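See structure below.
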Amino acid sequence: MRSTDRETLAHDLGNAVDELAADLVQALAGAIRIASVTPTYPGVAYDEHVGGEGRVSRLIAELLRGHDIEIDVFGEAVGRENCVAVLRGSGTGRSLILNGHVDVVPGGNAEEWKHGDPFSGAVEDGAVWGRGACDMKGGLIAQAFALLAVRRLGVELAGDLVLQAVVGEEVMEHTLGTSACIARGHGADAAVVGEPSAPPVPLAVVPVTPGVLRFVVHIEGRRTHPAMRGMTIHPGGDGFAIGVNAIDKAFQIYAALRLREEEWGLTKRHPLFLPGQFVIHPGVVVGSPRGQLDPFFIADQATLDYIVIYHPDEQVDDVRAEIEAVVTTAAHLDGWLREHPPRVEWRHHWPPSQVATDHPIVTATCLAHSAATGREAQTVGWSAVHDGTFLNQAGVPAISYGPGDVRWAHATDEHVAISELIAACKTYALLAVEWCGTA
Ligand SMILES: [Zn+2]
């Protein structure tokens with residue numbers, strides 16, 4: 001498209017979005033008020049929470065119904081329905097998916113929130129507040145309104161524009177959400193996931209995410225009376241024969257992993273990531289007498305629960321082998337751990353998501369962003385993961401671009417700036433028309 005044509009289109013679509021802006025903000029506030037916590041989230045009672053996701057999907061369906069948009073609300077489990085909305089093209093252009101998740105993480109302590117409620121949907125200080133504001137009902141609602149803006153413009157697209165509102169993203173249940181949409185035939189030639197793409201700048205274009213692994217190290221000790229501690233740790237005592245504090249041993253493993261993390265900060269480099277973005281993050285540390293939180297024993301068990309954010313060009317087996325070697329080496333330096341080696345248990349894995357920086361969907365999104373916002377697009381790596389991984393695995397090149405800042409995702413007082421919602425909506429709409437073409 002010639003740049004003057006793009007400017008005219010950006011202007012007309014921008015006006016269409018501006019006319020819809022108040023409705024967009026109200027729709028987001030309404031979506032936030034539905035507490036659609038993933039019912040399978042750890043520590044959450046399924047029966048109390050199932051249904052929220054389906055309500056958000058139906059809210060989106062109602063928003064789009066009656067605008068000559070095909071709606072498919074379907075689920076693999078009752079109350080956990082996805083909504084796919086298709087603005088059908090003439091069939092001669094490229095198709096595009098706009099993807100966002102309807103589920104959110106738990107709200108946490110209500111009193112700590114500025115509005116006394118994680119699900120307030122308050123509109124204040126130029127922002128919309130509440131759990132899911134930026135992660136990622138903001139992006140999802142902006143995507144839905146992009147369909148309405150394209151309709152308002154009155155152009156017929158050449159390729160299909162597909163909105164996927166999906167469940168289960170927060171716990172990687174992509175087989176119920178994003179992958180289920182693909183399996184049902186709602187694919188396309190490329191996809192944009194609306195996750196919040198700041199930092200380092202608002203509305204960055206994100207072609208790459210790292211891999212994420214979770215592992216737990218189990219460490220054994222030997223239980224005895226705490227009065228024996230001196231005998232177990234100082235020279236001249238009977239040492240391991242009496243007791244071994246698993247907490248002390250766990251910190252030796254922790255120290256070795258921390259040192260390796262420092263090394264990663266100095267050695268692992270990727271052109272789209274800031275130095276130090278690849279980490280070995282200790283999330284939960286537990287050490288105690290088995291089955292009791294009682295200090296009147298020497299602790300005989302400890303666990304270290306980690307998240308690894310690894311370089312997207314690395315193979316997961318190599319990362320696992322490196323972590324296990326660090327643990328094994330640290331254990332070899334200790335008489336007790338040599339005889340009682342810590343056990344490394346691997347849990348989740350989100351593979352990296354990667355699209356080349358010169359891929360047409362990256363170029364098109366950058367151009368749409370510049371035309372819609374008047375600001376140069378910045379292409380960066382993101383330090384978390386999203387459903388782009390599973391779209392890429394299904395053969396749909398997927399990037400992310402969306403309103404909000406990840407620092408407010410999963411945080412108290414989560415919010416998203418209204419200016420970013422509107423800007424994102426304009427970019428999505430413009431991208432859709434340019435990518436799909438007009439009939
Ligand atoms: Zn998210």
Side-chain angles (χ1 to χ4, degrees), residues 28 31-32 34-42 44 49 52-53 56-57 60 80 82-83 97-108 118-119 128-144 163-181 191-199 202-212 214 281 307 309 348-353 380-393 398-417 420-421 424 428:
L28 175 56
I32 291 170
I34 301 171
S36 53
V37 174
T38 332
T40 46
Y41 203 85
V44 158
H49 289 87
E53 291 168 312
V56 177
S57 289
I60 288 170
R80 308 201 63 192
N82 305 289
C83 171
I97 291 170
L98 300 175
N99 169 289
H101 59 88
V102 296
D103 61 321
V104 296
V105 296
F119 303 100
V128 188
W129 300 75
R131 174 63 75 236
C134 74
D135 183 13
M136 57 156 288
K137 289 173 177 171
L140 179 59
I141 295 291
Q143 292 176 334
L163 175 74
Q164 296 180 339
V166 303
V167 303
E169 192 274 347
E170 293 291 355
V171 293
M172 209 174 74
E173 290 175 317
H174 63 98
T175 54
L176 302 184
T178 292
S179 298
C181 294
V192 178
V193 178
E195 293 274 4
S197 51
L203 296 168
V205 177
V206 179
V208 54
T209 66
V212 171
R214 179 178 171 192
H281 156 71
I307 298 292
I309 300 181
H348 311 89
H349 177 224
W350 284 262
S353 176
V380 302
W382 210 49
S383 43
V385 286
H386 54 60
D387 269 355
T389 293
F390 307 107
L391 290 161
N392 272 308
Q393 281 181 356
I399 63 166
S400 67
Y401 171 93
D405 190 317
V406 187
R407 65 181 285 216
W408 292 109
H410 299 213
T412 302
D413 289 336
E414 180 175 347
H415 62 276
V416 63
E420 283 182 41
L421 288 169
Y428 294 138

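Note that ligands are numbered from 1 as they come in the structure, with each ligand's atoms numbered from 1 the same way. Just so we're clear, the structure is a prediction, and the values are computed from it rather than from any experiment.
By the criterion of a separation under 2.8 Å, the protein N/O/S atoms near the Zn ion (ligand 1) amount to H101 NE2, D135 OD1, E195 OE1, E195 OE2.
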With side-chain contact (heavy atoms from CB on, under 4.5 Å) as the test, would you mind laying out the steps for V192 and I399 before giving the verdict? CA-CA 5 Å; V192 178; I399 63 166; 4.0 Å; yes

Please step through side-chain contact (heavy atoms from CB on, under 4.5 Å) for the pair V406 and S383, ending with a clear verdict. CA-CA 9 Å; V406 187; S383 43; 6.0 Å; no

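The aromatic rings of Y428 and Y401 lie perpendicular to each other, with more than 60° between the two planes, well past the 30° mark.
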Side-chain donor-acceptor pairs under 3.5 Å in residues 133-142, sequence neighbours left out?
unit_1: D135; atom_1: OD1; unit_2: H101; atom_2: NE2; d: 3.0
unit_1: D135; atom_1: OD2; unit_2: H410; atom_2: NE2; d: 3.2
unit_1: K137; atom_1: NZ; unit_2: A31; atom_2: O; d: 2.9
unit_1: K137; atom_1: NZ; unit_2: I34; atom_2: O; d: 2.9
unit_1: K137; atom_1: NZ; unit_2: S36; atom_2: OG; d: 2.8

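Of the options T40, T38, T178, a side chain to side chain donor-acceptor pair (under 3.5 Å) to E173 is made by T40 and by none of the others.
Side chain of Q143 to backbone of N99: a donor-acceptor contact under 3.5 angstrom is found.
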